Each structure stands twice: as structure tokens, then as C-alpha cells.
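For reference, the structure is listed below as C-alpha cells.
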Number of protein chains: 2
Amino acid sequence: MSLREKTEWIAVDWGQTNLRIWVMGAGGNLLAERSADQGTGALASDGFEPALLAMIEDFLSDGKTTPVLCTGRAGAAGGWVEAPFQPVPCAPLTHTSFVTAPTRDPRIAVSVVPGLSQISPAPDIMQGEETQIAGFLQANPKFDGVLVLPGIHTKWVHISAEEVVSFQSFLTGELYALLARQSLLRPAIALSGWDDAAFEDGLGESISRPESVAAKLFGLHAAAQLSTLSPQAARARLSGLLIGLELAATRPYWLGQNLAILATPEIGEIYARALSLQGLTAPVSDVTPLIREGLMAAYESLIAPQD
Amino acid sequence: MSLREKTEWIAVDWGQTNLRIWVMGAGGNLLAERSADQGTGALASDGFEPALLAMIEDFLSDGKTTPVLCTGRAGAAGGWVEAPFQPVPCAPLTHTSFVTAPTRDPRIAVSVVPGLSQISPAPDIMQGEETQIAGFLQANPKFDGVLVLPGIHTKWVHISAEEVVSFQSFLTGELYALLARQSLLRPAIALSGWDDAAFEDGLGESISRPESVAAKLFGLHAAAQLSTLSPQAARARLSGLLIGLELAATRPYWLGQNLAILATPEIGEIYARALSLQGLTAPVSDVTPLIREGLMAAYESLIAPQD
């Protein structure tokens, strides 16, 4: 049987800067995987279908409609189709809230996953992370506690009874990138390298004196000018300062809770280290397969006989 | 008498992105003023003299050497000549610490003002602000307390007995610019417009819960997506959040102290409002003439008969 014939459905993660697809066969069998730097940021609404078709053409058959499940920014305002945010508390993915995207090609039927929103205690949104959470809960259905999803916009998510109860987003990763690459600090911060002691110092200072962070940030520049800190140590210290600020803010969230980190191994390790310095153990789950696993769970519920 | 003949000396403020000169006659008489977007950032060490000559050629006379006093980034490493930082506590400007810049043209003799450095309680530097402080102290020699110099890198400076005792720099202005113009928040933040209540809310929240700022920053994005905050209010709120963080950090510095703000009137007003909400009165001095006045005071001491 050809790949084209074996294809049962297609999972899609469409981010701001990247498009990734998984071609799925019967029984959750992964047939193929592709990615391209064709994010939603560069596309008008009517550009989504041709961009996707160019990626999946090889797997489509005439006379057969292949379901496509799409998570990420495709469901944002100005995306392929706006999928209204689902207010928490709710399950991270519920197939009844999926929105059908308009298509011309009869070979595909595209469902877009909505993000989650929260009004109180503070306005917040997530789009994409709900699918990672669904993937994690598929493997850990009994998990009750707090998930940490570090990244450009880190999320701390309270999970109970397979639902997202509440969440908090932080600009930590974006702040790091702006400061390290586009600010006065750029020459002071190495692109790689690490120093555990500098990380721990920064972390501890931000946790105990979170208000001082803007001064400590300028201090990285001053220390570089006065040659009292290496660029590698400055990199670790900057990371520690920003993650420490986040831990200070989320303390009520993580105190006495079960914790798990969903991240790429490198970033997961940094957060696990930061939490262990607070006396907490947080296992790291590699986030990479979780999107696919979340979409697989959603697909199963979508095709399951309805009660 | 021609301008050329009247010219006694020239004051120069050479910043990262801008060059400004004041042509001074006898008795501190301002003869002319010019500026250009020729900052130190774009110049190699041997590019400074030709760039300056192009600006002041009209005011130089053959057979006469005109003193030039230069503050700002010209004295930084990689600038015209490196002027070693003066460690605090010290007077903001001391002519004996000025450094002579190498020149080929016999019509000018260039002295570069050094910045100030601090090792403890935290490594810190200033370069350019020391001249503004000298200008302020020229008019207010008895000032004892804390000066606030808001800007891209805000400085809080403890002054006693005409000396800089210690100081703290904050990345506040640069954080504002990065977040408002280059981050996820860009579409959420208006370029102008204001909302007093939003400013006060942001300020109060950061002062009482400084650790929450990275979450509150993401909240500006979420609120924009959920249409619960106007871009004008978001602009004021962002300003309040970042200045509040600074006030939380500097509280030990300003509690019970005399305060004065050296700033452009618009930013000065915002800081004065923020401080008045803490029950503090801080007069605003327009920072624009202070650099020239600081250099004038330095010039007077330079030409005064030495003891």
C-alpha cells in the first residue's frame, strides 16, 4: 500500500514562524513528518490552504477526504479561521469546540483547535500549549498539580481532574531574547556557555528581591564594562534573574503542589534546576512529541462513536 | 567681532546616536548651538576629530587653539580616547580627571570628561549623567538627597556635600522601548495617548507585587486579545508597571530623602506623578540645559588659577 493510501489523517502545528505536519496512518502510526519555516505570521487567511497543500500534496488521494487537525496560531484572529477561545476551567482539548476552516480542495477537511482564555484572576490566553497539555494528560490522566511550560511565553498551568483550572503566562523567554540580543546588554551576554554559580546567584537574588531586577539587569552591563563578569557567566546570571522573578511570582502556585515541566530538554533542565534549588522535584517531559500526542487524542475522540 | 573671533571654547555632548555642540563666548555667553545624528556608535577612534571639525570649522581661527570640552560616550572604550571611570564617592566633574584626546588640527585642544563607576554595593557606571548632575549642582550647591535621572537607563543618585555618594541604574526606559516596539506587545501598545487610572493601577501593582511584573506584561497582550484594555490605557499601564518596579527597588534610597528629578518635562511629569502617589514631592528640573551648564562649570574650574 502506498503512503498516499495509508494516510488516514494529518496533524498540523502551525506556529507564528514555523509549520510542522505529521502524516498519520491507522492506529496512530506515524507515516511521515515534515516542517517548514512558513509560519502564520507571513500568511493572509486565504494563504493557509495553498501553503498546507504544498506540504501534504503527496499524501492526498482523489475521491477521499483526509481529515486535518490543526493547532497553534492558525486559529488566531487573522489566521485561517478564528477559533473562539474556550474559557477555563475546561478540558484542554474538546473536539466539540473545534472550528472548521474554509477549504476549496475537496480532498481535505480541516478542523482548527481553539486556544484557552481566562478572565480572572487575570486576563490570560494560550494557543498551542493546550494541545501539549492534552498530550501530557493522555499519558498522565491522573496528574493533579501544576504544569510548567517554559518558552518564549512561559505558562504555569493548574490541572485538576483532567481540566485546566487556571493559568498564568510570563514574558520571560521573550524578555531574555530581547535583552540578550537587542538591548544594551548584547555585548555582555554570550550566545552559549554557562556558569552554575552565576545562575544560582541571579536566581536567588530575584527570588529574594524581585523588585531589584531592572537594576540587576543594568548591572550586567556595568559588570561587563568593569570586567567583573564573563559573558558566559552573564548569560547564566541573566537567565537566573529572569527565572527567579518568575518563581517569586508563581510561588503561591507551586507551593505544596505536584509539579511537572513540559519543555525541550535543555530548557527543562534549567527550570528543573531552578525548582530543585527551592527544594522541589519536577520531572521534565520532552515537549516535542506532546503536540502530536495531543492531536492524536483529539482525533480519537473526534472519530469515536458519539454517545 | 565675528563669531570666529568671539569663540572662546566649545562644549560637546557626544552620545551614542547624537552629537551636540555649543559655541561659547566670554563670560559663558552662548554664541551658537548645533546638533547632528552622528553618534559615537558609528565612529572609529580616528573618525571623531574629522566629524567634530566638520561641525565646528566655522568657529575656529588659525593661530589660535580653542579648548573643546567633551562629555558623553566619546570617553568610552572604543571612543575618541578612553577616559578611565572615576570611582565614587567623588565630585561629578573634576577637571584633574579629564583626559586629552589625540588631535592633528592645532586649532583645537580636546578634553574628555570621564564617567563615574561604582563597585559596591553593586557594580554600576554612568557616562554623561555626571555632567548633568554637575550642572544641577552648579545651580543647587547645597542639595543633599537623591536625584532621579529618568531615561533609557534611569539613574538614582545619592548626593551629599557636592559629591556623588552612590548610584543605581535601571534598564527601565530600554525595557519600555523593547516591549512597546519590538515584542509581542507591540500591537497592544499605542504610540501616544495616556490614561491616568491605568498608569496608577500598573504602578501600584508593581510596587506591591514587584515579582508579578513578567506576568502582568503578558497580561497586556492577553487583555488586548480579549479586548479588555485600550492601546492608550495599555501604554500608560506598561509605563506604570515598569516605573513601579523601579520605585519598589529604590524605596530604601528615596524614603525620607530630599528628591529632585532631572528630565525632559514630559518624562519628568510622569516620574513626579509616580512619586507623588507615594506621598513624595519631587521638583522637576529640565535636563536639556544641564549638560551645557555642567560643562561650563568644568571649564571655569579648568581655566581658574590653580592653587
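Every chain is numbered from 1 and lettered A, B, ... according to where its sequence line falls, protein lines coming before strand lines. Keep in mind that this is a model prediction, so the values were computed, not measured.
Within 6.0 Å of atom CG in B/Leu191, 12 or fewer heavy atoms from other residues, nucleotides or ligands are found, so the atom counts as exposed in its surroundings.
The distance from the CG atom of A/Leu217 to the NE2 atom of B/His153 is 10.5 Å, given to the nearest 0.5 Å. Here the straight-line distance linking atom CD of B/Glu246 with atom CD of A/Glu211 works out to 12.5 Å at 0.5 Å rounding.
For a residue to count as touching a neighbouring chain, one of its non-hydrogen atoms must lie under 4.5 Å from one of that chain's; by this rule A/Ala215 touches chain B with backbone and side chain alike. Proximity to chain A (any heavy atom under 4.5 Å) is restricted, for B/Leu226, to the side chain, taken from C-beta onward. Looking at B/Ile152, neither its backbone nor its side chain comes within 4.5 Å of chain A, counting heavy atoms on both sides. When heavy atoms are compared at a cutoff of 4.5 Å, B/Gln118 approaches chain A solely by way of its backbone atoms N, CA, C and O. Of the atoms belonging to B/Arg251, not a single heavy atom falls under 4.5 Å from chain A. Of the two parts of B/Ser117, only the side chain, counted from C-beta on, holds a non-hydrogen atom closer than 4.5 Å to a non-hydrogen atom of chain A. When heavy atoms are compared at a cutoff of 4.5 Å, A/Leu220 does not approach chain B at all.
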Could you walk me through whether B/Leu179 and A/Leu175 pass the side-chain contact (heavy atoms from CB on, under 4.5 Å) test, one step at a time? CA-CA 8 Å; B/Leu179 289 166; A/Leu175 277 176; 3.9 Å; yes
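Residue B/Ala222 comes nearest to A/Pro123 through the heavy atom pair CB-O, 3.5 Å, listed as atom of the first residue, atom of the second, then distance.
Of the possible donor and acceptor atoms, one in the side chain of A/Glu174 sits under 3.5 Å from a partner among the backbone N and O of B/Leu184. Distance alone, capped at 3.5 Å, places no donor-acceptor pair between the A/Gln225 side chain and the B/Ile125 backbone.
Between chain B and the options A/Ser212, A/Ser169, A/Ala248, the largest number of non-hydrogen pairs under 4.5 Å is found for A/Ser169.
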